[in-house]
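Letters A, B, ... are given to chains in the order of the sequence lines, protein chains preceding strands, and every chain is numbered from 1. Since we're looking at a predicted model, the values are computed, not measured.
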Amino acid sequence: MKNVYKIITYILLAAGAVIMLFPFFWMITGSLKTYNQITATPIVWWPVPAQWNNYTTALEYAPFDIYFINTVIVSVGTTVSVLITSIFAAFAFSRLKFRGRDTIFSILLSTLMIPSQILIITNYVTVAVRMQLMDTLLALIIPFTASIFYIYLLREFFNQIPEQLYLAAKVDGTSDWRYLWKIMVPNAKNALITIGLFNFIASWNAYIWPLLLTNSESKRVLSIGLKYFSGEAGTDYELLMAAGTIVIAPLLVIYLFFRRYIVEGVARSGIKG
Amino acid sequence: MKMKKILALLLAVLMVASFAACKTDTSEEPESSKPAESMDPLKEWPSIPAGTVLQFWHAMGGANGAALDLVVAKFNEENEFGITVEATFQGGYTDLHTKLVSALQGGDIPHIAQAYANNIMVYLDSDSIVQLDEYIFDPQVGIEDWEDIIQGYREENSNYPDGKFYSLPFNKSTEVLYYNETFFNANNLTVPTTWEELKDVSMEASEILGKPAFGYDSLSNLFITWTQQAGGQYTNNNGDVLFNSPEAREALQFFIDGVEGGYFRTAGEDNYCSGPFNDENLVMFIGSTSGSAYIGSDTFEWNAAMVPFGKVEKVIQQGSNMFMLKSDEVGQLATFEFMKFLMAPENTALWAMNSGYLPVRDSARELPEYVEFVESGVNPTKDIGTMYDGAWYIYDPVFKESYSIRMAVEKAVEEAATGLKTVDEAITDAAASIN
Amino acid sequence: MKVRLENLTKKFEEVTAVNDATLEFLEGKLTGLLGPSGCGKSTTLYLIAGLFKATSGKIFFDDEDVTRKEPEKRGIGLVFQNYALYPHMTAEQNIMFPLQNLKVPKKEARKRALDMAKLVHISELLNRKPGQMSGGQQQRVAIARALVKEPRILLLDEPLSNLDARLRLEMREEIKRIQRETGVTTIFVTHDQEEAMSISDQIAIMNEGLLQQVASPQEMYRNPVNEFVAKFLGNPPINIIETEIKGGKVDAGGFLMNTGTLPDQPVHVGVRPESFRLDANGSVKAVVQAMEYTGRETLLFAYLGEKLCKVIINADIIFKKGDSVSLSLKEKSMLLFDLEGNRLYV
Amino acid sequence: MFEPRWKTTLKALLYLSPALIVIAVFVIYPMFRSVWISFFKDYNIFKHTGSGFGLDNYKWVLNDGRFILALKNTTIYTIVVVPVSVVIALFTAVLLNSKMKGMKLFETLYFLPYITNLIAIGLAFKFIFNSTYGILNRILGLFGIDTIMWLNDPKYSLPALIIFGIWSGLAFKIVVFLAGIQGINKQYYQAAKIDNTSRWRTFTKITMPMLSPMIFYIGIISFIGALKTYVEVVGLYGNNPGPADTAMTIVYYVYDLFYGANEPPRAAAASVILFLIILVFTFIQLRASKKRVQY
């Protein structure tokens with residue numbers, strides 16, 4: 001009986017894993033096919049010979065090396081700032097008692113419900129016209145230096161750090177500032193890494209805003225590069241998939257590196273809901 | 001297919017080289033129009049200082065982007081004013097539109113950009129769009145052989161509320177009938193030229209294939225074109241819906257009969273018929289000439305023909321236009337020089353040979369290099385696409401709601417094709433949804 | 001340092017956690033702040049620590065009014081129920097942390113931390129993190145951390161409640177030792193009367209926000225001011241016999257007492273189990289219901305009239321159910337309370 | 001512990017200010033501007049002038065057949081995707097929690113979809129659903145199911161979107177649930193084992209109640225996410241939201257109205273309506289959860 005359970009579990013999990021991974025498989029094999037092989041019947045599972053030149057062709061369409069560097073700068077920039085602003089805000093919401101705390105928090109939470117697509121026109125004016133940041137990497141970072149969603153997540157985590165630690169630190173003569181950095185932050189390490197990764201991934205994939213706020217190739221990011229492969233009457237699927245693979249490959253590496261923290265961090269942040 | 005692309009590219013490079021070579025001899029040519037200056041003292045145009053830089057926002061990715069870069073590079077090298085155009089890819093049309101809507105709120109705007117006429121009409125609200133009549137028809141700087149520009153294009157670009165030109169044709173395409181020549185030859189089929197022939201050939205080919213033989217890429221184009229081919233009307237410039245008519249019903253019914261009879265189909269999930277066409281799942285389809293780059297297979301030869309007509313010879317013109325944004329007098333004049341350059345016969349031909357688009361002038365297709373290119377047989381659409389009479393061209397009337405109406409008729413075709421509604425219901429509902 | 005509370009009141013919205021408390025904690029002594037959970041003792045402690053702000057009333061350290069002072073400026077050490085050690089720091093880092101807040105040079109801080117570790121006997125554990133230590137060890141680290149900055153007052157909030165029984169006894173002695181060695185004025189919050197009695201120089205007992213009595217353990221045990229205090233102290237608890245004063249006399253299960261001038265009224269008579277004596281000449285016969293033998297003494301459950309009482313005897317005699325014993329009472333061992341629980345003095 | 005005082009309030013505001021300033025400028029302010037715009041019958045987006053202040057746009061949107069269709073589609077999408085993905089994720093997490101070899105590997109694989117670019121993966125799904133060469137119909141064919149025109153048939157276009165939506169949200173949920181299950185005190189399970197409790201009862205009586213706060217949290221987050229579905233539609237259908245708009249969602253509608261039809265005021269009105277819908281339902285969920293969620 002026990003073995004039957006085991007076998008069923010393995011079969012179900014394996015089937016699930018195939019479902020989860022199949023789109024990746026399709027994208028990666030697709031990036032090695034010819035244009036016609038992608039839509040061919042019967043299905044071409046593994047292209048022989050593999051069209052490695054799709055990658056070289058895709059890379060020629062746009063300066064992906066510059067894009068890559070910019071994407072790293074922007075992703076790291078937003079991630080570091082999001083972490084800092086979230087740490088401050090989550091600390092205030094979880095440890096400091098102040099008038100209007102719940103009201104402010106509810107208002108912030110409710111803004112999660114706005115479809116962000118309708119905000120960008122106004123934000124364009126703010127950043128490009130008022131702040132005069134058009135065509136700078138800073139413009140790609142500034143609007144994303146704070147995130148309600150991550151403040152919410154981090155607050156959940158901070159709330160789980162026993163309040164007594166805070167009181168103990170107070171009695172020990174610790175300032176709020178020092179407490180935050182010496183006690184809260186080290187204890188929330190996993191959550192912070194997870195939030196950082198979430199934000200990094202989101203920033204890495206961001207498309208419309210970077211496009212709006214940049215004109216020079218020297219200021220653009222990877223996801224804009226994906227747009228080169230779709231025309232008004234068709235799409236170069238094989239090149240798009242190659243470019244898509246190029247874009248997510250760094251994320252894949254980062255993910256495998258930080259995997260342990262993601263699982264733990266999500267866990268913690270989810271526990272209290 | 002790869003070979004053809006490479007071949008085309010090689011050819012293009014050769015041509016640029018030869019253009020550049022002969023251009024050096026004739027670089028004085030534009031000077032010949034200069035004497036006109038003294039003839040019209042009313043307008044005093046500034047001189048364009050060397051080093052003027054123009055921004056050009058476009059939506060041409062991939063091979064089209066490369067072709068545009070080629071033409072822009074040619075301009076930067078050859079223009080007598082020392083103007084440099086910086087062309088920037090801004091994503092797809094939707095992205096570019098989003099970007100323009102944003103930028104026109106007071107941000108940095110380019111000197112020239114690309115857009116569909118209905119969007120340009122929206123930009124007019126910003127008061128930042130330059131009315132071009134005073135440039136086009138100016139005796140000094142204007143376009144002399146104006147009539148050479150294809151009639152349909154001229155009409156579309158002056159179809160704004162005040163009847164003035166706010167744009168000029170840039171990347172234009174039209175629809176052709178693509179067909180699998182190998183299949184047609186093997187089965188002794190003739191390329192259809194009328195609806196009835198289209199129906200007969202499709203039925204015959206479908207018998208052989210065991211699946212629908214003919215497809216139509218753009219269902220809104222289908223509705224707009226076939227309604228008018230059937231003698232009906234679509235909308236007028238006031239935005240009045242005119243397609244709630246027997247002709248529209250007849251046209252749509254003709255298509256739906258084919259879908260239900262199993263010999264016509266839509267692109268549907270494939271988005272474009274080129275995919276199933278390449279896979280030999282259908283043997284002919286009506287699609288944009290700009291899609292020709294996506295067609296090709298190692299297993300068969302393809303060709304293109306004029307679209308089959310109904311009672312009236314009508315064919316849609318597609319693609320977008322270029323428009324000028326306000327800057328200073330010098331910038332605007334320089335921009336106009338660039339626009340003129342893009343529309344010059346040899347340049348629009350160069351553009352057409354390297355991109356998915358067609359020349360905007362009748363004379364361009366007579367140019368030896370273009371003739372040679374067409375005869376090389378690299379891309380039959382480059383020939384077919386230029387064969388339509390300028391008067392056959394139809395276009396979306398330019399008014400704010402034209403997009404919504406296009407969406408509504410596309411939905412109507414889909415509703416009828418998927419059996420959600422009858423042809424009559426679909427058309428009635430589409431008309432009602434707009435008023 | 002003396003700590004004095006004057007009319008101290010703390011309200012949380014509708015609840016009054018501490019109600020008009022006035023009391024003095026003795027300098028250099030260990031005061032147990034005792035009461036059932038929710039009685040306001042921890043609140044009082046946090047008020048002294050400055051973690052809560054008083055609604056009204058004043059707190060003095062010696063003659064200095066600290067009521068409005070921030071906790072970090074009060075010079076106190078506080079040990080929490082769960083120790084509140086910083087989980088990501090080693091024992092040494094935990095102990096040094098307060099000194100770093102005070103910007104004590106690292107070298108000196110380390111030396112003081114080592115001294116403190118020696119005092120609380122954890123010198124060999126300095127490199128461990130809290131998760132790698134037992135409850136008792138964490139407790140010692142917490143005390144070391146509280147003491148390392150040489151506080152004027154050491155506050156302990158139920159510090160033993162998370163330990164098992166044996167460790168609790170051990171730590172109790174340790175705390176007493178450390179307090180003696182350092183001589184720091186100490187306030188110790190607990191709900192365990194035995195703990196409070198054994199460790200404290202002075203006990204303050206609270207109930208429902210009200211301070212009941214402040215006295216030495218012996219005095220409080222022998223001379224409780226009200227029925228609550230009488231009942232709260234002592235294990236097994238005091239026997240309460242419901243009876244009445246009639247004509248200057250009261251009869252509690254057969255034991256009689258002159259009540260002098262007290263008017264006739266229903267009363268509760270409290271008699272501690274150890275106040276009984278086996279006495280062949282005893283005036284009262286009690287019927288044994290059950291007995292428990294603990295080795296040191298014997299606890300009888302016996303009926304005094306209709307009231308089942310606990311009786312502690314030292315004799316090594318085996319009783320059976322239904323046996324009859326004659327008992328007498330030690331001098332002045334009957335405590336009288338009125339129905340409000342107030343002590344009636346004869 | 002500390003009661004709010006002016007001093008602490010000031011200090012808190014100082015800590016909040018970096019986030020608050022950014023959010024106020026880039027979320028709150030544009031949000032109010034959208035609401036403001038939504039009341040103008042005619043609005044010049046470039047010059048920020050409008051005329052015809054009133055509720056006309058709201059009336060128009062509420063009477064627009066496309067909006068009603070989008071609302072219907074979004075509602076169906078949400079009420080299917082949220083519970084189904086939660087159940088599948090919960091089930092998968094329970095399986096992943098088995099004390100068996102290779103579970104770490106499976107965990108890694110199951111979380112992989114979180115890092116993807118939905119547009120690129122949408123393309124892959126488009127091929128999976130294709131009726132000619134798609135893998136899905138091949139597999140269904142093995143079970144004797146006839147070819148389904150997933151993306152062509154109006155009956156299946158929304159189900160296809162739903163399948164994609166479930167897939168794309170699974171990774172995050174599985175990991176949260178898995179971590180939650182691993183956080184449940186082992187003693188409960190040992191006790192259940194001693195009592196000879198069945199697996200199903202253990203799941204319903206221990207795992208589910210212990211996870212209820214997390215299920216609620218995930219529920220709210222994915223509910224809001226589902227009502228805001230947009231990228232999934234573009235990924236799967238590109239510029240045409242399913243045959244005859246059968247896979248059009250509200251946010252797609254808003255976007256199309258804004259940038260396609262160039263009707264910012266109406267788009268703003270539609271998004272305000274969406275905002276109100278989400279707000280009301282979230283409020284109801286929060287209320288209901290107070291009774292249900294066990295800590």
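- Near-neighbour residues of residues 240-249 of chain A relative to chain D, defined by a heavy atom under 4.5 Å from a heavy atom of that chain, comprise A:Leu240, A:Met241, A:Ile248.
- Distance CZ/A:Phe88 to OG/D:Ser17: 8.5 Å, rounded to 0.5 Å.
- In terms of heavy-atom pairs under 4.5 angstrom with chain D, the leader among A:Leu180, A:Ile43, A:Leu12, A:Leu251 is A:Ile43.
- Remark: A:Tyr152 OH to D:Ile220 CD1 distance equals 7.5 Å, nearest 0.5 Å.
- Considering only heavy-atom pairs separated by less than 4.5 Å from chain D, the leading option among A:Ile121, A:Leu112, A:Leu96 is A:Ile121.
- With a threshold of 4.5 angstrom between heavy atoms, D:Leu105 does not approach chain A through any atom at all.
- Interface remark: A:Ile142 contributes backbone and side-chain atoms alike to the contact with chain D (heavy atom separation under 4.5 Å).
- In terms of heavy-atom pairs under 4.5 angstrom with chain A, the leader among D:Ile221, D:Leu274, D:Leu227 is D:Ile221.
- With D:Met31 as the fixed residue, the side chain to side chain contact (heavy atoms under 4.5 Å, CB included) test singles out one of A:Thr122, A:Ile114, A:Ile118: A:Ile114.
- Here the straight-line distance linking atom CH2 of D:Trp167 with atom CE of A:Met20 works out to 6.5 Å at 0.5 Å rounding.
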Test log, rule ring pair (Phe, Tyr, Trp, His ring centres under 6.0 Å), inputs D:Phe125 and A:Phe22: CA-CA 9 Å; D:Phe125 260 89; A:Phe22 188 79; 8.8 Å; no

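- Contact count against chain D (heavy-atom pairs under 4.5 Å) is highest for A:Asn123 among A:Leu21, A:Ile148, A:Asn123.
- For D:Leu123, the part lying under 4.5 angstrom from a heavy atom of chain A is the side chain only.
- A:Lys97 contributes no side-chain N or O that, together with a main-chain N or O of D:Thr8, makes up a donor-acceptor pair within less than 3.5 Å.
- For the pair A:Arg95 and D:Tyr15, the cation-pi criterion (under 6.0 Å, within 45° of the ring axis) is not fulfilled.
- With a threshold of 4.5 angstrom between heavy atoms, A:Thr126 approaches chain D through side-chain atoms but not through N, CA, C or O.
- Residue contact with chain D, scored on non-hydrogen atoms closer than 4.5 Å, involves the side chain of A:Ile104 exclusively.
- Across D:Leu109, D:Val251, D:Leu112, the residue that shares the most heavy-atom pairs under 4.5 angstrom with chain A is D:Leu112.
- Contacts of A:Tyr207 with chain D are absent, with no heavy-atom separation under 4.5 Å from either backbone or side chain.
- Highest contact tally toward chain D, considering only A:Thr111, A:Ile19, A:Ile8, A:Asp176, is held by A:Asp176 [criterion: heavy-atom pairs under 4.5 Å].
- For D:Phe177, no part lies under 4.5 angstrom from a heavy atom of chain A.
- Counting heavy-atom pairs closer than 4.5 Å to chain D, the top residue among A:Ala146, A:Ser223, A:Ser110, A:Gly100 is A:Ala146.
- Below 30°, between 30° and 60°, or above 60°: for A:Trp26 and D:Phe127 the angle between ring planes is between 30° and 60°, a tilted geometry.
- Taking D:Leu14, D:Leu20, D:Thr92, D:Ile135 one by one and counting their heavy-atom pairs under 4.5 Å with chain A, the maximum is reached by D:Ile135.
- The contact between D:Thr108 and chain A is made by backbone and side chain atoms together, counting heavy-atom distances below 4.5 Å.
- Looking only at heavy-atom pairs under 4.5 Å with chain D, the residue among A:Asn205, A:Thr85, A:Leu13, A:Leu119 that has the most is A:Leu13.
- Contacts of D:Val25 with chain A are made by both backbone and side-chain atoms, with heavy-atom separations under 4.5 Å.
- Heavy atoms of A:Ile87 lying under 4.5 Å from chain D are absent altogether.
- Although no hydrogens or angles enter the test, the distance criterion places a donor-acceptor pair under 3.5 Å between the side chain of D:Thr9 and the main chain of A:Arg99.
- If you measure heavy-atom distances from D:Ile224 to chain A, the contacts under 4.5 Å come from the side chain alone.
- Neither the backbone nor the side chain of A:Trp204 comes within less than 4.5 Å of any heavy atom of chain D.
- Looking at D:Tyr110, both its backbone and its side chain come within 4.5 Å of chain A, counting heavy atoms on both sides.
- The contact between D:Thr132 and chain A is made by backbone and side chain atoms together, counting heavy-atom distances below 4.5 Å.
- Interface remark: D:Lys101 contributes backbone and side-chain atoms alike to the contact with chain A (heavy atom separation under 4.5 Å).
- Put simply, the side chain of D:Lys11 never gets that close to the backbone of A:Ala92: no donor and acceptor are under 3.5 Å apart.
- The part of D:Ile45 that comes within reach of chain A is its side chain, from C-beta onward, which places non-hydrogen atoms under 4.5 angstrom from that chain.
- One distance of note links OG of A:Ser116 with OH of D:Tyr230; it measures 10.0 Å at 0.5 Å rounding.
- The part of A:Leu226 that comes within reach of chain D is its side chain, from C-beta onward, which places non-hydrogen atoms under 4.5 angstrom from that chain.
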